[in-house]
S.K.: 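So that we are looking at the same thing, I have put the structure below in structure tokens.
Just so it is clear: chains get the letters A, B, ... in the order the sequence lines come, proteins before strands, and each one is counted from 1.
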Protein chains: 2
Amino acid sequence: MTQVRPMRADARRNYERLLKVAAEAFAEHGENASLDDIAKRAGVGSGTLYRHFPTRQALLEAAYVDRIEALGSRADELARELPPGEALMEWLNELCVATIQVRGMKSLLGSAVTDGSSAALTACGTTVKGAASRLVEAAQAEGVLRADLEPIELLRLAHGVATASELANGQGREIRRYLALLTEGLRPAG
Amino acid sequence: MTQVRPMRADARRNYERLLKVAAEAFAEHGENASLDDIAKRAGVGSGTLYRHFPTRQALLEAAYVDRIEALGSRADELARELPPGEALMEWLNELCVATIQVRGMKSLLGSAVTDGSSAALTACGTTVKGAASRLVEAAQAEGVLRADLEPIELLRLAHGVATASELANGQGREIRRYLALLTEGLRPAG
DNA sequence: CACTAAACGGAGACAGTCCCCGCTTATCGC
DNA sequence: GCGATAAGCGGGGACTGTCTCCGTTTAGTG
């Protein structure tokens, strides 16, 4: 159904180069790095870039799939090492850190949990939602997490926490505090 | 110290026109409305626009001051009508609604609570922070809000909640739920 | 080796930002 | 009223970025 014919050698080569250069460029200039510039740096025409990656979002996703995959397997690793509640919190923390510190990741993770986006089920969306679901269910089974909380809601709230921390400009130092506030609530400590 | 001489009549006229048109344009096309287009619609050259408002942020702020002021006085109104805890929650809800539904307001409120931004103490920042401080202190005095919570932290978290709700694409229907989750915490209801 | 379809690439149309500087006009002293 | 003058105007144009189109090149195949 996909890829009736394997990619031509030159196409594959350009594809790889673009991915490599794009990751560098996004890291260096943020998610708004010039696409034509990426093409130039990869030594291809802009037409080639746009053919392989029709939208900025597509390039962003392709450039960061492995990092997203890493977040996915990190979830399972944490689930093995820690009790469910802690595993979930630690994972959310790492998710927020990635959201803020890996330039370009934010819009990608954001659109992954956006409802009603055209191609909502992108690869990275599936990965992240899967990881979150597993952790959430485990925590709920243990009774350390509200039973009425949907994984996607938690992902959105985590995105919100990352955004809040970003506003503090502390390079993510506030993430743990804001996550704790979210977990424990705003009522006086009891 | 400011305004040694009053603005020339034509300057004032253009200033007003630009503000009016800008508010419409931002409402219609979001915060990225074309500035040259705003100038054109106001019947002035782009030079005039950039002279009055050196940055997009400046124009955004000028166009929305009155709405921000309204949020400020709304805080006191709520403080008079409701017990401190409820007043705070209701105000946060209205703040989030404004953040999402008034196009262009988000980046404005965001930069108002950003630490380390160059001109951090913009007018609207002061207004919003003042309102939040009054409500937070009242709630803390009543013992219904954690004593260690800074107003600015709450504003940032509210911005996060607004962002999270936005991802749900429900036109703000999720705001109350997410605010409640933040208030009560993620632990099982008790 | 020749053929063909896949892939390339960069010119160019378009849109946005922002500055510069010659021109216009409101204001003020007379 | 009436010039003088500086405050203010405005649009042309340089620049940067996006994205498409289509003539040219080249990998893969028999």
S.K.: Tell me: CD of A:Gln57 to C1' of D:dT18, nearest whole Å?
M.R.: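 Rounded to the whole Å, the gap is 16 Å.
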S.K.: Determine, step by step, whether A:Leu92 and A:Leu182 satisfy the side-chain contact (heavy atoms from CB on, under 4.5 Å) criterion, reporting the C-alpha distance in whole Å, the side-chain angles of both residues, the deciding distance to 0.1 Å, and the verdict.
M.R.: CA-CA 11 Å; A:Leu92 287 177; A:Leu182 174 63; over 6 Å; no
S.K.: Write down the atom of A:Tyr15, the atom of A:Met7, and the distance for their closest heavy-atom approach.
M.R.: CD1-CE, 3.9 Å
S.K.: Taking CZ from A:Arg12 and C1' from C:dA6, how many angstroms apart are they, rounded to a whole number?
M.R.: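 About 15 Å, once rounded to whole Å.
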S.K.: Find out whether A:Glu142 and A:Pro83 are in side-chain contact, i.e. whether some heavy atom of one side chain is under 4.5 Å from a heavy atom of the other.
M.R.: no
S.K.: Would you say the side-chain atoms of B:Asn169 pair up with the backbone N or O of A:Asp115, donor to acceptor, closer than 3.5 Å?
M.R.: yes
S.K.: Donor-acceptor pairs under 3.5 angstrom involving side-chain atoms of residues 67-79 of chain A: please list them, not counting sequence neighbours.
M.R.:
| unit_1 | atom_1 | unit_2 | atom_2 | d |
| --- | --- | --- | --- | --- |
| A:Ser73 | OG | A:Glu69 | O | 3.2 |
| A:Ser73 | OG | A:Ala70 | O | 3.3 |
| A:Arg74 | NE | A:Glu94 | OE1 | 2.8 |
| A:Arg74 | NE | A:Glu94 | OE2 | 3.2 |
| A:Arg74 | NH1 | A:Glu77 | OE2 | 2.9 |
| A:Arg74 | NH2 | A:Glu94 | OE2 | 2.9 |
| A:Asp76 | OD1 | A:Arg134 | NH1 | 2.4 |
| A:Asp76 | OD2 | A:Arg134 | NH1 | 2.7 |

S.K.: Which angle, to the nearest 10 degrees, lies between the helix axes at the two ends of the helix from C:dC1-D:dG30 to C:dC30-D:dG1, each defined by five pairs?
M.R.: 10°
S.K.: Please report, rounded to the nearest Å, how far the P atom of D:dC19 is from the CZ atom of A:Arg56.
M.R.: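 Rounded to the whole Å, the gap is 8 Å.
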S.K.: I'd like to check the side chain to side chain donor-acceptor pair (under 3.5 Å) partners of B:Glu16; sequence neighbours left out, ordered by chain and number.
M.R.: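 Listed in chain order: B:Arg12.
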S.K.: Can A:Val102 be reached from A:Val161 by stepping across I, L, V, M, F, W or Y side chains whose heavy atoms are under 4.5 Å apart?
M.R.: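 A:Val161 clusters together with A:Val102.
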S.K.: What closest approach, in Å, do B:Val144 and A:Pro188 show between heavy atoms, and which atom pair accounts for it?
M.R.: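 Heavy-atom minimum between the residues: C-CD, 3.6 Å.
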S.K.: Just the rounded figure in Å: distance from P of C:dT17 to NE2 of B:His29.
M.R.: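 Atom-to-atom, B:His29 to C:dT17, this comes out as 12 Å.
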S.K.: Tell me: CD1 of A:Ile38 to P of D:dG17, nearest whole Å?
M.R.: 11 Å
S.K.: Whether A:Asn14 contacts C:dA7 is assessed here as follows: a side-chain N or O lying under 4.0 Å from the phosphate OP1 or OP2. Is that the case?
M.R.: no
S.K.: With sequence neighbours left out, write down each residue that passes salt bridge (Lys or Arg N to Asp or Glu O under 4.0 Å) with B:Glu81, or none if nothing qualifies.
M.R.: none
S.K.: Taking only residues two or more places apart in sequence, or in another chain, which ones meet A:Asp36 in a side chain to side chain donor-acceptor pair (under 3.5 Å)?
M.R.: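 With sequence neighbours excluded, A:Asp36 shows a side chain to side chain donor-acceptor pair (under 3.5 Å) to no residue whatsoever.
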S.K.: Give each protein N/O atom lying under 3.5 Å from an N/O atom of nucleotides 1-3 of chain D, with the pair distance.
M.R.:
none

S.K.: Could you give the CG-to-P distance, from B:Asn32 to D:dT18, as a whole number of Å?
M.R.: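 In whole Å, D:dT18 P lies 14 Å from B:Asn32 CG.
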S.K.: Atom CG of A:Leu59 to atom P of D:dG17: distance rounded to whole Å?
M.R.: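 Rounding to the nearest Å, CG of A:Leu59 and P of D:dG17 are 16 Å apart.
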S.K.: Could you list the donor-acceptor pairs under 3.5 angstrom formed by side chains in residues 147-158 of chain B, with sequence neighbours left out?
M.R.:
| unit_1 | atom_1 | unit_2 | atom_2 | d |
| --- | --- | --- | --- | --- |
| B:Asp148 | OD1 | B:Arg146 | NE | 3.1 |
| B:Asp148 | OD2 | A:Arg177 | NH1 | 3.4 |
| B:Asp148 | OD2 | B:Arg146 | NH2 | 3.3 |
| B:Glu153 | OE1 | A:Arg177 | NH2 | 2.8 |
| B:Glu153 | OE1 | B:Glu150 | N | 3.0 |
| B:Glu153 | OE2 | A:Arg177 | NE | 2.8 |
| B:Arg156 | NE | B:Val113 | O | 3.0 |
| B:Arg156 | NH1 | A:Tyr178 | OH | 3.3 |

S.K.: Who are the side chain to side chain donor-acceptor pair (under 3.5 Å) partners of B:Glu166, not counting sequence neighbours?
M.R.: B:Lys106
S.K.: If you restrict it to nitrogen or oxygen atoms, what contacts under 3.5 Å exist between nucleotides 26-29 of chain D and the protein, and what is each distance?
M.R.:
| unit_1 | atom_1 | unit_2 | atom_2 | d |
| --- | --- | --- | --- | --- |
| D:dA27 | O4' | A:Arg8 | NE | 3.4 |
| D:dG28 | OP1 | A:Ala9 | N | 3.1 |

S.K.: With nearest nucleotide decided by heavy atoms, which residue, A:Asp36 or B:Thr55, maps closer to the 5′ end of DNA chain C?
M.R.: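 Closest to the 5' end, via its nearest nucleotide, is A:Asp36.
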S.K.: Considering only distance and modelled atom types, tabulate donor-acceptor pairs under 3.5 Å from the side chains of residues 43-52 of chain B, sequence neighbours left out.
M.R.:
none

S.K.: Figure out the CG/P separation between A:Leu35 and D:dT20, and round it to whole Å.
M.R.: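 So the two atoms are 12 Å apart, to the nearest Å.
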S.K.: Tell me which residues in residues 40-54 of chain B put a heavy atom below 4.0 Å from DNA chain D, sorted by number, or none.
M.R.: B:Val44, B:Gly45, B:Ser46, B:Gly47, B:Thr48, B:Arg51, B:His52
S.K.: Quick one: list whatever passes side chain to side chain donor-acceptor pair (under 3.5 Å) with A:Glu90, sequence neighbours left out.
M.R.: A:Arg176
